[in-house]
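In what follows, chains are A, B, ... by sequence order, proteins preceding strands, each numbered from 1.
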Number of protein chains: 2
Amino acid sequence: MTSSSPAPTGRQGRKASARGESRREELIAAAATLFAERGYATTSIADVAAAVGVTQQALLYYFGNKVGLLHAVIDQRDGASLEFAEELTALGGPAAIEQLPRYARRNVANPSLASLFAVLVMENLRPGDVAHEHFVTRYRNLRAVIEQMITAGQESGEFSRTVDARLKAFEILAFIEGANTQWLLDPDSVDLVAATTAYATDLLRTLTP
Amino acid sequence: MTSSSPAPTGRQGRKASARGESRREELIAAAATLFAERGYATTSIADVAAAVGVTQQALLYYFGNKVGLLHAVIDQRDGASLEFAEELTALGGPAAIEQLPRYARRNVANPSLASLFAVLVMENLRPGDVAHEHFVTRYRNLRAVIEQMITAGQESGEFSRTVDARLKAFEILAFIEGANTQWLLDPDSVDLVAATTAYATDLLRTLTP
DNA sequence: GTCTATAGCGAGATAGAC
DNA sequence: GTCTATCTCGCTATAGAC
């Protein structure tokens, strides 16, 4: 966000890989994969560079330092998350709840993305950690989006007004995160989509008047 | 478990700190705190040793290597978790559900322990990670305990037989873990005990015939 | 048991050539 | 843009003295 990188001007040469990916994007993609697999702290920038076939110093040319790379990864991959959540909840009320399994399906289809943020959150729990503020606001935004979806349902009369929208939003996000954790650790032990569907069903029962 | 440490024989000298803690126990306690705060990978054994006032080499005398220290920490702190879960669920049925907020209270009272395992799990998601197998079986055991609690309630007729005990157990554990994550990241944003109490209440409604 | 000394590696980052 | 060379640091682990 602030200063960060020399930002190579304009478009890249034709050398960039198969798809129109710039070297910078290749590096971000490689970093996302490795961070998801091993975490940020244990991944060396040299490993990331090697995955793309350049040296560590080439990587530093783009991102300045390791933290710059991390922020580039977060910025590039996390926008989609909130958008996805907004898309799912935009319908408001019961229709939004029914979309919950789509979230699970998305994780199953893209475990690397699911793992990336789960791992990074735990590496940034404490104030002062490089991306702490980012994740704090990320979760606040997600809770806010879910809470609005619930209050929308209450205002339309589809949801009972006796439920505390704020606590319910917390609960729903807790389920999503915790389900994710268990599934990442032990994918064969549970059918994430089935579990999410079951949860959504029961959830609807507690929300409906 | 296997070989590990020279295991200093017999009891310790009177030099061990205020409480009857042996040096080994002091080191485990210091490691638990630091691992909880910074994670395993980013904590150096020298930091752990320094927290107790000895050198890194003294620490290695007890644990052999860094992985030995990790396993000592896990063995010492994790036994309590499963016991606690068993205690809470032993009652079976609705009474067990009502105990859920106690779990939250325990975390609030001991954030360091809550953080320790949350962080270590994410550092051991992948097969081959030093403590991967430990956490896989840990979660399997926890799910099994919760599942048994539910089936016990179903057999006594207190819980509806239409719910899938296995999926419900997964859901309950997901809530606990996810609630924990959100609260660790941003403690002021939510009242963990209130949220857990609300969840337990709604949970009971979906479980009761 | 705890120390000093030290080996040996891998990390992040800078300087400067091409 | 990407490289080679290099600096500096921190880390794990070993050897051996006390």
side-chain contact (heavy atoms from CB on, under 4.5 Å) assessment of B/L185 paired with A/H132: CA-CA 8 Å; B/L185 182 69; A/H132 179 76; 4.0 Å; yes
Between [N] atom [atom2] and [X] atom [atom1], what is the distance in whole Å?
| X | N | atom1 | atom2 | result |
| --- | --- | --- | --- | --- |
| A/E25 | D/dG1 | CD | P | 14 Å |
| A/N65 | D/dT8 | CG | P | 20 Å |
| A/E26 | D/dT2 | CD | C1' | 14 Å |
| A/L59 | D/dT4 | CG | P | 15 Å |
| A/R23 | D/dC3 | CZ | P | 8 Å |
| A/F63 | D/dT2 | CZ | C1' | 14 Å |
| A/L69 | C/dA13 | CG | P | 10 Å |

Intermediate values then yes/no, side-chain contact (heavy atoms from CB on, under 4.5 Å), A/N110 and A/S112: CA-CA 5 Å; A/N110 197 345; A/S112 186; 4.0 Å; yes
Ion pair present between [X] and [Y], side-chain N to carboxylate O less than 4.0 angstrom?
| X | Y | value |
| --- | --- | --- |
| A/R140 | A/E147 | no |
| B/E171 | B/R143 | no |
| B/K168 | A/D202 | yes |

Test ring pair (Phe, Tyr, Trp, His ring centres under 6.0 Å) applied to A/Y199 and A/F175, step by step: CA-CA 9 Å; A/Y199 173 65; A/F175 170 80; 4.0 Å; yes
Residues touching DNA chain C, which here means a heavy atom under 4.0 Å, drawn from residues 35-56 of chain A: A/T43, A/S44, A/I45, A/Q56
C/dG1 OP1/OP2 closer than 4.0 Å to side-chain N/O of B/Y61: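 So the side chain of B/Y61 is within the cut-off, an N or O lying under 4.0 Å from OP1 or OP2 of C/dG1.
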Any B/R24 side-chain N or O less than 4.0 Å from OP1/OP2 of C/dG1: no
From A/E26, A/E21, A/E25, residue fulfilling salt bridge (charged side-chain N to carboxylate O under 4.0 Å, His left out) relative to A/R23: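 Exactly one pass, corresponding to A/E26.
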Protein N or O to nucleotides 15-18 of chain C N or O, pairs below 3.5 Å:
none

Close side-chain approach of B/F159 to B/T151, heavy-atom, < 4.5 Å: no
Non-neighbouring partners of B/V190 that pass side-chain contact (heavy atoms from CB on, under 4.5 Å), sequence neighbours left out: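 A/F170.
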